[in-house]
Amino acid sequence: MTKKFVTLDDFLGTHFIYTYDNGWEYEWYAKNDHTVDYRIHGGMVAGRWVKDQQADIVMLVPGVYKVTWTEPTGTDVALDFMPNDNKMHGTIFFPKWVEEHPEITVTFQNEHIDLMEGSREKYETYPKLVVPEFASITYVGEAGQNNESVIDEAPYDGMTDDIRAGRYFDDSYQRIRK
């Protein structure tokens, strides 16, 4: 992609795939100025996906963006995107219970908020597992803001390869149904 990121509007509506240096692969969408959607394709919570996560999204300087949120699991996330350099840095603060029982979170979170909040109360939350990692951005797509087709199903093996190869979205950034 040859798009140059300068303003916050350049960032909003963008769909990314990135791989952390530890090998974990994530797919993430800046849905609008206060909401993100994402799928996790690799790592300790691979298979998890979330829509409409409230987040704080700001531009630090032209072309550099910070996104932060707290999940119903109690996990805190801080992401710094530098898309002009195909780089990002993320820090994930997993509560102890997620480190010990990651399988509970591997679901479509939106349908299991009570389970996430209940697990947060039932199990230990401290000490947190802090995972700070740099990542390489391997895909950038212009999905437009509030596009419900970007993250609309559970992750599957090979999904990110399908997206990068142009087999997942059509020219209007709508899901190609097979």
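For the single chain, residues carry numbers from 1 onward in sequence order.
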- Considering non-hydrogen atoms only, spot the tightest contact between Gln53 and Pro72 and give its length. OE1-CD, 4.0 Å

- Note on the structure: Tightest non-hydrogen contact, residues Tyr29 and Asn146, listed as OH-N, 3.1 Å

- Query: Between CZ of Arg48 and CE of Met116, what distance do you get to the nearest 0.5 Å?
  - Reply: 6.0 Å

- Query: Are Arg175 and Phe169 in a cation-pi contact, defined as NZ or CZ under 6.0 Å from the six-membered ring centre and within 45° of the axis?
  - Reply: no

- Query: Linking Ile, Leu, Val, Met, Phe, Trp and Tyr by side-chain heavy atoms under 4.5 Å, what else ends up with Val64?
  - Reply: Val58, Leu60, Val61, Met82

- Test log, rule side chain to side chain donor-acceptor pair (under 3.5 Å), inputs Thr73 and Glu71: CA-CA 5 Å; Thr73 62; Glu71 300 174 351; 3.3 Å; yes

- Task: Verify whether one side chain among Tyr156 and Asp162 offers a donor that lies under 3.5 Å from an acceptor in the other.
- Result: yes

- Note on the structure: Correct closest heavy-atom pair for Asn84 and Gly63 would be ND2-CA, 3.9 Å

- Task: Answer whether the closest heavy-atom distance between the side chains of Val140 and Thr14 falls below 4.5 Å.
- Result: yes

- Task: Return yes if a side-chain donor-acceptor contact under 3.5 Å exists between Thr160 and His41, otherwise no.
- Result: no

- Does the side chain to side chain donor-acceptor pair (under 3.5 Å) test come out yes or no for Ser149 and Asp152, once each step is laid out? CA-CA 5 Å; Ser149 295; Asp152 70 350; 4.8 Å; no

- Item | Lys87 backbone acceptor or donor facing Asp85 side chain under 3.5 Å | no

- Test the Lys3-Phe5 pair against the cation-pi criterion, namely NZ or CZ under 6.0 angstrom from the six-membered ring centroid and within 45° of the ring axis. yes

- Test side chain to side chain contact (heavy atoms under 4.5 Å, CB included), reference Val36, set Val67, Val77, Leu79, output is Val67

- Note on the structure: Closest non-hydrogen contact found for Ile151 with Lys51 is O-NZ, 2.7 Å

- Task: Can you measure from OH (Tyr65) to CZ (Phe81) and round to the nearest 0.5 angstrom?
- Result: 11.0 Å

- Go through His112 and Asp114 one step at a time and tell me if the side chain to side chain donor-acceptor pair (under 3.5 Å) criterion holds. CA-CA 5 Å; His112 303 282; Asp114 290 345; over 6 Å; no

- Name the one of Glu25, Glu27, Arg167 that satisfies side chain to side chain contact (heavy atoms under 4.5 Å, CB included) with Met159? Glu27

- Given Tyr123 and Val98, is the side chain to side chain contact (heavy atoms under 4.5 Å, CB included) satisfied, shown in steps? CA-CA 9 Å; Tyr123 299 110; Val98 174; over 6 Å; no

- Mind listing the closest non-hydrogen atom pair of Val150 and Tyr168 along with its distance? O-CE2, 4.5 Å

- Task: Report the residue from Phe11, Tyr20, Trp49 that forms a ring-ring contact (aromatic ring centres under 6.0 Å, His included) with Trp28.
- Result: Phe11

- Task: Check the pair Trp97, Thr105 against side chain to side chain contact (heavy atoms under 4.5 Å, CB included), reporting the backbone distance first and the verdict last.
- Result: CA-CA 10 Å; Trp97 82 264; Thr105 72; 3.7 Å; yes

- So, do Tyr38 and Phe16 have ring centers that fall under 6.0 Å from each other? no

- Message: Please give me the minimum heavy-atom distance between Thr35 and Gln54, naming the atom from each residue.
- Response: OG1-NE2, 3.6 Å

- Message: I'd like to know whether Thr70 forms a side chain to side chain donor-acceptor pair (under 3.5 Å) with Asp76, so could you lay out the CA-CA distance, the side-chain angles of the two residues, the decisive distance to 0.1 Å, and finally the verdict.
- Response: CA-CA 4 Å; Thr70 299; Asp76 298 307; 2.6 Å; yes

